[in-house]
Amino acid sequence: MTADGDTHYPQFWLRLPKGDGIDRARGVLLDETGTNGSRKFLVRAGSPARDHVMPSLGKHFKAPVKRREELKAQGVLVPSARWPGWLELTEDVVFGSPSFAAVLLVGAPRNGWEEWRTEDDRPLSDYMSGVWAGPNRPWLVRGSNVTGLDLVQRLWLPEGRVTLAASRLRPGVREGTSKEDLRTAVQEDYESTATYSQKQQLVEDLHAFLSRMKPGDTVCTISGGRLYVGEITGEVEQTESEDRRSNLRRPVEWQPTGFPYDDLPEELQQKLSIQHDVVDLTSAQAHIEGLGLTDQELAEEAESTERDPSVEIPALTARRELELPEPTNELAAELLVHEADWLREVRDLLWDERQLVLYGPPGTGKTYLALKLAEFLGGGPEQVKLVQFHPSYAYEDFFEGFRPQEDPQTREVAFRLTAGPLRELADLASREGNRHIPHFLIIDEINRANLAKVFGELYFLLEYRNKSVRLTYSGDDFALPPNLFVIGTMNTADRSIALVDAAMRRRFAFVELSPRTEPTSGLLRRWLTRAGRDAEPADLLDALNSRIDDADFRIGPSYLMKKGVYREGGLERTWRTKILPLLEEHHYGEGVDVEKRYGLAALRESLG
């Protein structure tokens, strides 16, 4: 911008898809703005255009399609004599924005701020003063309840705008203002009308709206149960609105229809649930780009783009379905489960609830089964993490907290925010490219810890996977990825399952592993058969459990599924040192002769 206030821009060029052998379209950004503040764009006579449009273009870009037909009817957009099979402009034409012009010429969705480029390949967006560099990104701006009014329906959609109240912000704040300058202004202007935390958030919202957003960015908003999507088409304007509800404004070209909120992808709903006035939606950008378009329409749009055909289309990649593979008969045989249908039922419970607890007496193979099933469903051990709860385990150990760490250079120890196993696995599961791959957290002895203390606000997320919460330590907004599953194991010998509160019972499915029922009751016999061993240990275990009245204290088969049991004297040693002590504890103070009732001699005698 020069001293006299005039703005000078170079000529910009637009390469049309599959346009080898024809000229590029030529245009220039104008200082003139439309009624809503959008920057107008002039396309030069002689610029080419495609002779057809993408079939679905009219659904979300009605205005460019209508204008295209008007230009044809006026003889301004005509079949080209120079380039057979193409159209050509016969005179200069002014459009409402660079993107409007690009969509009309290409006949497919286009971001004109990136597509129009200088001779040395710099995008048009680089020439906008006071804005952040880098690719365009999507934003959520809330406007359905601005001090009681729905500005989305009242102002934004009808007039093509997006606004922030900035009701007490001083005049003259310019686009590109630094966060530090905004912090000073907010501290002074809102000194007696906002709390400390409100001022902090206001600085973040204002900085995003004034200095991080730029023309070409996507903007989203929610109103009446629908998500509306548009493109920012100009700079910020500060005005003195009558009701002080919309003092900062940006022009927006809104798509004509909204998308039902309940039909949106879960990952997008998670981001939209963050309770700030301005939210960066970059992590959900692929989902936003694919809204309202079928896979075929996305493929057609990609064909009209100069792109590497070997690279996947982001919107299609984001749609890739999360799946849990169907347990096979081979897996059932490997795990010695009586039938694959039982494994399929466990898989279906995981799919429906995302969280599951395997519970039962000691030695029933809960942890082993949880690990093997998770590795099968997740595609390998890399997607599985195991933690073990205990009475001193806390939220800081499980999710995140401040822990002492030594600086490798200075050797000084300081408390630093450190991620726990759940946060680490959640970050891994939510990475781009991983979102369709199941990841599993195994929590061994889940009932040994104070669950309300360990889970904290995460309890809410276990039930409401499409929501996010503000974290206690980092202050980040966090949601559990849809592809993160939790399997807990719980020992029932100490009656602790009776102490599990209703909140946990509601969030987890519970599957019993008991010596009285399959797949546990016949597990040892199947293991012995596969190993070619005598069935006596299985007969002894069945006889033992038939004498134990309390099902929670029956003995699981894994005690007898170890190599040491089958060495010389191994069965007797295991019975004397592992099994009988459990039963002595169970009958403590009752005067029961454990050896006489449960010893090997007594059991063998009963078996004849």
Side-chain angles (χ1 to χ4, degrees), residues 332-338 358-373 386 388-390 442 444-448 489-497 511-608:
E334 179 189 345
L335 299 180
L336 295 170
V337 171
H338 61 301
L358 300 175
Y359 71 96
T364 47
K366 300 179 291 295
T367 304
Y368 177 83
L369 181 62
L371 282 168
K372 290 297 183 181
L373 187 59
L386 184 141
Q388 187 172 58
F389 280 7
H390 49 77
I442 309 297
D444 200 28
E445 304 285 5
I446 191 172
N447 52 322
R448 296 293 186 194
T489 69
M490 182 180 290
N491 183 359
T492 57
D494 58 1
R495 311 290 189 184
S496 53
I497 190 170
V511 175
E512 184 180 22
L513 292 179
S514 170
R516 60 186 171 177
T517 58
E518 289 285 17
T520 311
S521 60
L523 179 60
L524 179 58
R525 198 171 298 277
R526 289 189 289 272
W527 184 82
L528 292 168
T529 300
R530 186 169 71 179
R533 298 184 185 278
D534 186 83
E536 187 201 23
D539 296 334
L540 290 169
L541 184 64
D542 289 344
L544 171 69
N545 283 326
S546 68
R547 298 186 176 199
I548 302 173
D549 296 328
D550 193 330
D552 288 334
F553 282 88
R554 291 180 179 173
I555 304 302
S558 64
Y559 288 103
L560 303 178
M561 295 171 65
K562 298 174 181 176
K563 290 182 179 179
V565 176
Y566 300 94
R567 292 199 297 267
E568 183 68 30
L571 180 60
E572 287 73 14
R573 272 195 308 275
T574 300
W575 212 272
R576 186 179 66 254
T577 61
K578 296 288 185 68
I579 294 176
L580 292 183
L582 288 174
L583 296 169
E584 286 173 355
E585 182 182 353
H586 173 47
H587 289 294
Y588 181 76
E590 297 178 6
V592 174
D593 187 333
V594 171
E595 177 67 37
K596 185 176 180 180
R597 183 170 180 177
Y598 303 117
L600 279 178
L603 295 174
R604 280 172 171 153
E605 183 180 348
S606 70
L607 292 173

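Everything quoted here is computed from the prediction, not taken from an experiment. Nothing fancy with the numbering, it's 1 onward along the sequence.
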Give a yes or no on whether a salt bridge exists between [X] and [Y], defined as a side-chain N under 4.0 angstrom from a carboxylate O.
X	Y	value
Arg525	Asp539	yes
Glu568	Arg573	no
Arg604	Glu536	yes

For [X] and [Y], work out which heavy atoms get closest and say how close.
X	Y	result
Pro557	Thr364	CD-CA, 4.1 Å
Ile555	Asn545	N-OD1, 2.7 Å
Leu528	Ala535	CD1-CA, 4.1 Å
Ala551	Pro361	O-CG, 3.6 Å
Asn491	Arg448	ND2-NH2, 3.7 Å
Ile548	Arg554	O-NE, 3.2 Å

Working to the nearest 0.5 angstrom, can you tell me the gap between [X] [atom1] and [Y] [atom2]?
X	Y	atom1	atom2	value
Thr489	Tyr368	OG1	OH	15.5 Å
Glu512	Asp552	CD	CG	7.5 Å
Arg547	Ser606	CZ	OG	4.5 Å
Lys366	Met490	NZ	CE	10.5 Å
Leu583	Glu595	CG	CD	11.0 Å
Leu541	Leu603	CG	CG	9.5 Å

Item to check | Test applied, side chain to side chain donor-acceptor pair (under 3.5 Å); reference residue, His587; option that passes from Glu584, Glu590, Glu585 | outcome: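 Per the side chain to side chain donor-acceptor pair (under 3.5 Å) rule, the option paired with His587 is Glu590, out of Glu584, Glu590, Glu585.
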Checklist entry - Between Tyr566 and Arg533, is there a cation-pi geometry (under 6.0 Å to ring centre, at most 45° from the normal)? => result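 Because its charged atom sits under 6.0 Å from the ring centre and within 45° of the axis, Arg533 does stack over Tyr566.
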Next on the checklist: Could you check whether Trp527 and Tyr559 have their ring centres less than 6.0 Å apart?
Outcome noted: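 That pair fails the under 6.0 Å test.
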Next on the checklist: Could you tell me if Tyr598 and His586 have a donor-acceptor pair between their side chains, going purely by distance under 3.5 Å?
Outcome noted: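 Distance-only check fails for His586 and Tyr598.
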Checklist entry - Hey, mind stepping through Leu336 and Leu524 against side-chain contact (heavy atoms from CB on, under 4.5 Å) and telling me if it holds? => result CA-CA 9 Å; Leu336 295 170; Leu524 179 58; over 6 Å; no
Checklist entry - Passes side-chain contact (heavy atoms from CB on, under 4.5 Å), Leu544 versus Trp575? Steps please. => result CA-CA 11 Å; Leu544 171 69; Trp575 212 272; 3.7 Å; yes
Checklist entry - Is a side-chain donor or acceptor of Ser558 paired with a backbone partner of Gly363 at a separation under 3.5 angstrom? => result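 Here the side-chain-to-backbone pair exists.
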Next on the checklist: Could you tell me if the side chain of Met561 sits less than 4.5 Å from the side chain of Leu523, heavy atoms only?
Outcome noted: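 They are in contact (side-chain heavy atoms under 4.5 Å apart), so the answer is yes.
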